[in-house]
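Letters go in sequence order (proteins before strands), and every chain restarts at 1. As the structure is a computational prediction, the values presented were derived from the model and not from experiment.
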There are 2 protein chains.
Amino acid sequence: MNEGIFKAMSDSTRRKIIELLKEGPKTAGDIANQFPYAQPTISRHLNVLKNANLIIDQKEGNFIIYRLNTTILQEWLGWLFEHFGGGNNDENE
Amino acid sequence: MNEGIFKAMSDSTRRKIIELLKEGPKTAGDIANQFPYAQPTISRHLNVLKNANLIIDQKEGNFIIYRLNTTILQEWLGWLFEHFGGGNNDENE
DNA sequence: TAGCCATTTAGCTATATAGTTAAATAACAT
DNA sequence: ATGTTATTTAACTATATAGCTAAATGGCTA
């Protein structure tokens, strides 16, 4: 499994970005406005998510529109369940 | 959701420790022997997992036995699915 | 062209963390 | 008491990353 996706998801700002994008595509500016951080800070977070392939960017005139890469997110969740779900460890001792 | 569990799970060595412990309880030494790192390094990883409440330690004579806290892991996976599973973003544009 | 707007990139600081070796702790055995 | 074993804690180094401000990029509009 891609290490990047874990790092990407391990930051709460980035998880909130993901949740925002579940509502639908949004511009970088719209996303940045939801947070108390400077816009370049959010830009870098977006870049981390993009490198992890969790979001897709698309230039639209003067804006950059981001949307979720639902597939990757689903694959990640699936992988997590495969590896860590249904854990039956011995309860003895 | 507890931030610690994300940080804990975002490291591949720690994920391998979790997978090892799915087989059953193991001593700190047994765990350390599975990795090419010095034992104190693994000890600190174990501590991170313990602080995230993902594993439980138990002193057994001269050894410390670690085992999975299956509940927490399951809860985490459940939370992930609630928040990030079933993502239906608009496919338009 | 000039200027504006949206966004990223660059350069910086502060903090966190993975790795190391050496020392401390704690329980057992002699 | 002394030594041995299992493990953690301490002290250090190197690297990564979140935040900032300032500058650069790229597309509009006039």
Tell me which donor-acceptor pairs under 3.5 Å the side chains of residues 32-40 of chain A have, and how far apart each pair is, sequence neighbours excluded?
unit_1: A:N33; atom_1: ND2; unit_2: A:G29; atom_2: O; d: 3.3

| Is any side-chain heavy atom of B:L80 less than 4.5 Å from a side-chain heavy atom of B:W76? |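 Result yes, sub-4.5 Å side-chain heavy-atom pair found.
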| field | Residue pairs involving residues 70-79 of chain B (criterion salt bridge (Lys or Arg N to Asp or Glu O under 4.0 Å); sequence neighbours excluded) | value |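 Of all non-adjacent pairs touching residues 70-79 of chain B, none passes salt bridge (Lys or Arg N to Asp or Glu O under 4.0 Å).
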| How would you list, by chain and number, every residue that makes a salt bridge (Lys or Arg N to Asp or Glu O under 4.0 Å) with B:D30, sequence neighbours excluded? |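 Counting only residues at least two positions away or on another chain, B:D30 forms no salt bridge (Lys or Arg N to Asp or Glu O under 4.0 Å).
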| query | Of all residues at least two apart in sequence or in a different chain, which pass the salt bridge (Lys or Arg N to Asp or Glu O under 4.0 Å) check with A:E19? | reply |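 Expected list: none.
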| message | Suppose we screen for ring-ring contact (aromatic ring centres under 6.0 Å, His included). Which residues come up paired with A:F63, at least two apart in sequence or across chains? | response |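 Applying ring-ring contact (aromatic ring centres under 6.0 Å, His included) to A:F63 gives none.
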| said: Any side-chain to backbone donor/acceptor pair from A:K7 onto A:A52? Under 3.5 Å, distance only. | reply: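 Side chain of A:K7 to backbone of A:A52: no pair is present.
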| query | Near DNA chain C, under 4.0 Å by heavy atom, which residues of residues 26-37 of chain B? | reply |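 Nucleic-acid contacts, sorted: B:Y37.
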| request: Please work out which residues in residues 3-12 of chain B have a non-hydrogen atom less than 4.0 Å from an atom of DNA chain D and list them by number. | output: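 Residues of residues 3-12 of chain B that come under 4.0 Å of DNA chain D do not exist, since none gets that close.
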| In residues 42-54 of chain B, which ones come under 4.0 Å of DNA chain D, going by heavy atoms? |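 Under 4.0 Å from DNA chain D: B:S43.
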| Do you know the tightest heavy-atom contact between B:A8 and B:L54? |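 Reported closest heavy-atom pair: CB-CD1, 3.9 Å.
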| What closest approach, in Å, do B:I65 and B:P25 show between heavy atoms, and which atom pair accounts for it? |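 Smallest heavy-atom distance, with atoms named: CG2-CB, 3.7 Å.
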| message | Taking side-chain hydrogen bond (donor to acceptor under 3.5 Å, both in side chains) as the definition, give me every residue that meets it alongside A:K26, ordered by chain and number, with sequence neighbours left out. | response |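 Partners of A:K26 under the side-chain hydrogen bond (donor to acceptor under 3.5 Å, both in side chains) test: A:E23.
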Using distance only, find each side-chain donor-acceptor pair of residues 41-51 of chain B under 3.5 Å and give its atom names and separation, not counting sequence neighbours.
unit_1: B:H45; atom_1: ND1; unit_2: B:R14; atom_2: NH1; d: 3.1
unit_1: B:K50; atom_1: NZ; unit_2: B:D57; atom_2: OD2; d: 3.1
unit_1: B:N51; atom_1: ND2; unit_2: B:N47; atom_2: O; d: 3.4

Could you give the distance from [atom1] ([X]) to [atom2] ([Y]), rounded to the nearest 0.5 Å?
| X | Y | atom1 | atom2 | result |
| --- | --- | --- | --- | --- |
| B:L21 | B:Y66 | CG | OH | 10.0 Å |
| B:Q74 | B:W79 | CD | CH2 | 16.0 Å |
| B:D11 | B:I17 | CG | CD1 | 8.0 Å |

| query | For B:T41 and C:dT20, is the shortest distance between a side-chain N/O and OP1 or OP2 below 4.0 Å? | reply |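 B:T41 to C:dT20 OP1/OP2: side-chain N or O found under 4.0 Å.
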| task | Let me have a per-nucleotide readout for nucleotides 22-27 of chain C, 5' to 3', with B, S or -, counting only protein heavy atoms under 4.0 Å. | result | B---SB
| field | B:Q39 CD - C:dT20 P separation (whole Å) | value |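 The distance from CD of B:Q39 to P of C:dT20 comes to 11 Å, rounded to the nearest Å.
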| query | Can you give the first and last nucleotides of DNA chain D, 5' to 3', that have an atom under 4.0 Å from a heavy atom of chain A? | reply |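 Taking any atom under 4.0 Å from a heavy atom of chain A, the span is D:dA18 to D:dC28.
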